[in-house]
Number of protein chains: 2
Amino acid sequence: MPNNQFKRGELYSVINGMASTAVARRLQKNFRLAGLEITIEQWSVLYHLWKEDCLSQQELCTRTFRDKPSITRLIDNLEKQKLVKRMASKSDRRINLVCLTDAAKVLQDQTIELANQTMNEALIGVNKDEIETVKAVFQRVYDNLT
Amino acid sequence: MPNNQFKRGELYSVINGMASTAVARRLQKNFRLAGLEITIEQWSVLYHLWKEDCLSQQELCTRTFRDKPSITRLIDNLEKQKLVKRMASKSDRRINLVCLTDAAKVLQDQTIELANQTMNEALIGVNKDEIETVKAVFQRVYDNLT
DNA sequence: TGAAATTAGTTGCATAACTAACTATATGCC
DNA sequence: GGCATATAGTTAGTTATGCAACTAATTTCA
């Protein structure tokens, strides 16, 4: 493959390695420094509920790219921390609607601000076109594999 | 921020979300379909040992971007599967050198080929310049945060 | 209508991640 | 030499992930 000399194997570690690990650790650290006890995984669930409250667990699976057991347990933990509540759907008794509590609503602005700050730190020296390229490539990769 | 209208919070999920999850799942699935019983995390350790055998656990931490407990347990599991062996360093008795067994050496070509194929699937329709941009951005993000 | 297939969610098991606290060895420095 | 400090690795506890197997409710369709 004369026109493809970069090592594809290396690319796996680019996509799954250092950068995403570093960003996740920094964001978790920034939450902790702010006295927030939530994990970044829990935050990513809340993030979607802030955009649209009372989603089904299946819908949260789709939006957060997780499988059903992962969401079940994330919701279990969020419920223990009184950040969400499972409400039975009236139209379909199989469905749990996951709704925010007041305690979770209070966290929205602060945590999103922390996420924005973290990404600002992470993206120093990266321009907007480069960011758009990364987003487009990642969307393409996702579409290719699903 | 008139010149920065993209949502930074969204970028967290770009870097840590769908694409890396999808690639990891696909690579794991391709290992499984080929009858290989190793996890992608174990594979990433072996990958560095194929490049340079008999590294210390600390060196593996650095190269795989993991912390020490993670490497301890990955090596525990790799040792159970007889893919690596801990050897005492002669110059420094604190150090374990982690060395490949013959069984692990046999896996090198096959698994790297599977990783290359997986990345080829993932990167259909993505050109070389875009890949270089992703790599550069991720290196920059990593450098910014460490 | 009623059996088969689909969908929503849970549980069990194995692996892996992070933090904090720990042991053992090596190094620095007075 | 000997004490303080740093480094290599392990252990314990909590959270998260993936897969497979499971229950319960709903939909399909003959």
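All chains are named by letter (A, B, ...) in the order of the sequence lines, taking the proteins before the strands, and each is independently numbered beginning at 1. Remember, it's a predicted structure, so these values are computed and weren't measured experimentally.
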Taking atom types as they are modelled, is there a donor-acceptor pair under 3.5 Å from the base of D:dA12 to the side chain of B:R73? yes
Once you apply a heavy-atom cut-off of 4.0 Å, does A:Q28 come out as touching a base, just sugar-phosphate, or nothing? nothing
Given D:dG18, D:dT11, D:dA16, which nucleotide is nearest the side-chain atoms of A:L74? D:dA16
Worked verdict on B:K85 versus B:E79 for salt bridge (Lys or Arg N to Asp or Glu O under 4.0 Å): CA-CA 6 Å; B:K85 254 193 184 174; B:E79 223 173 15; over 6 Å; no
With respect to the phosphate group of C:dT7, does any side-chain polar atom (N or O) of A:Q57 fall under 4.0 Å of OP1 or OP2? no
Of the candidate nucleotides C:dT11, D:dG18, C:dC18, which contains the atom at the shortest distance from the side chain of B:D67? C:dC18
Considering every strand and a 4.0 Å limit on heavy-atom distances, what is the contact class for A:N96: base, sugar-phosphate, or nothing? sugar-phosphate
With sugar-phosphate meaning primed atoms plus P, OP1 and OP2, does A:I71 contact a base, only sugar-phosphate, or nothing at under 4.0 Å between heavy atoms? nothing
Just to confirm, is there a sub-4.0 Å distance from OP1 or OP2 of D:dA16 to any side-chain nitrogen or oxygen of A:T39? yes
Look at the rings of A:F65 and A:Y142 and say which category their plane angle falls in: under 30° parallel, 30 to 60° tilted, over 60° perpendicular. perpendicular
Let me know the distance between CG of A:L33 and C1' of C:dC18, rounded to the nearest Å. 15 Å
Can you check whether A:R32 has a side-chain N or O nearer than 4.0 Å to OP1 or OP2 of C:dT19? yes
Looking at C:dC18, C:dA8, D:dT17, which one has an atom nearest to any side-chain atom of A:R66? D:dT17
State, yes or no, whether a side-chain contact exists between B:R26 and B:V23 at a heavy-atom distance under 4.5 Å. no
Where do B:S89 and B:D92 land on the side-chain hydrogen bond (donor to acceptor under 3.5 Å, both in side chains) test, with the steps shown first? CA-CA 6 Å; B:S89 164; B:D92 186 335; over 6 Å; no
Carefully, step by step, assess A:R63 and A:E59 under the rule salt bridge (Lys or Arg N to Asp or Glu O under 4.0 Å). CA-CA 6 Å; A:R63 300 197 188 189; A:E59 190 56 36; 2.7 Å; yes
Starting from the 5' end of DNA chain C, give me the residue, B:K80 or A:K68, whose nearest nucleotide shows up first. A:K68
Go through the N and O atoms of the side chain of A:R94 and the base of D:dT26, and report whether any donor-acceptor pair is under 3.5 Å. no
On the side chain of B:R93, is there an atom forming a donor-acceptor pair with the base of C:dT25 - under 3.5 Å, no angle test? no
Go through C:dT10, C:dG9, D:dA16 for me and flag the one nearest to the A:E41 side chain. D:dA16
Assuming nearest nucleotide by heavy-atom distance, tell me which of B:Q42 and A:D76 is located more 5' along DNA chain C. A:D76
So if you build clusters from Ile, Leu, Val, Met, Phe, Trp, Tyr with side-chain heavy-atom gaps below 4.5 Å, do B:L27 and B:I112 land together? yes
Rounded to whole Å, the CD1-P distance (B:I40 to D:dG18) equals 9 Å
Gap between atoms CG and P, on B:N30 and D:dC19 respectively (whole Å): 12 Å
Just checking B:T72: base, sugar-phosphate only, or nothing, at a heavy-atom cut-off of under 4.0 Å? base
Would you say a side-chain N or O of B:Q58 is under 4.0 Å from OP1 or OP2 of D:dA8? yes
Would you classify B:N77 as touching base, sugar-phosphate or nothing, given that sugar-phosphate means primed atoms plus P, OP1 and OP2, and contacts are heavy atoms under 4.0 Å? sugar-phosphate
Spacing of B:L27 atom CG relative to C:dA16 atom P, expressed in whole Å: 14 Å
What is the distance, rounded to the nearest whole Å, between atom CD1 of B:I75 and atom C1' of C:dA16? 13 Å
Write down the distance between NZ (A:K29) and P (C:dA20), rounded to a whole number of angstrom. 11 Å
Among B:L74, B:L49, B:V84, find the one that has a side chain to side chain contact (heavy atoms under 4.5 Å, CB included) with B:L60. B:L49
Does OP1 or OP2 of D:dT10 have a side-chain N or O of B:R86 closer than 4.0 Å? yes
Whole-Å distance separating the CD atom of A:E37 from the P atom of D:dG13: 19 Å
Calculate the interatomic distance between A:F31 atom CZ and D:dA16 atom P; express it in whole Å. 13 Å
So what does B:D92 touch, heavy atoms closer than 4.0 Å: a base, only the sugar-phosphate, or nothing? sugar-phosphate
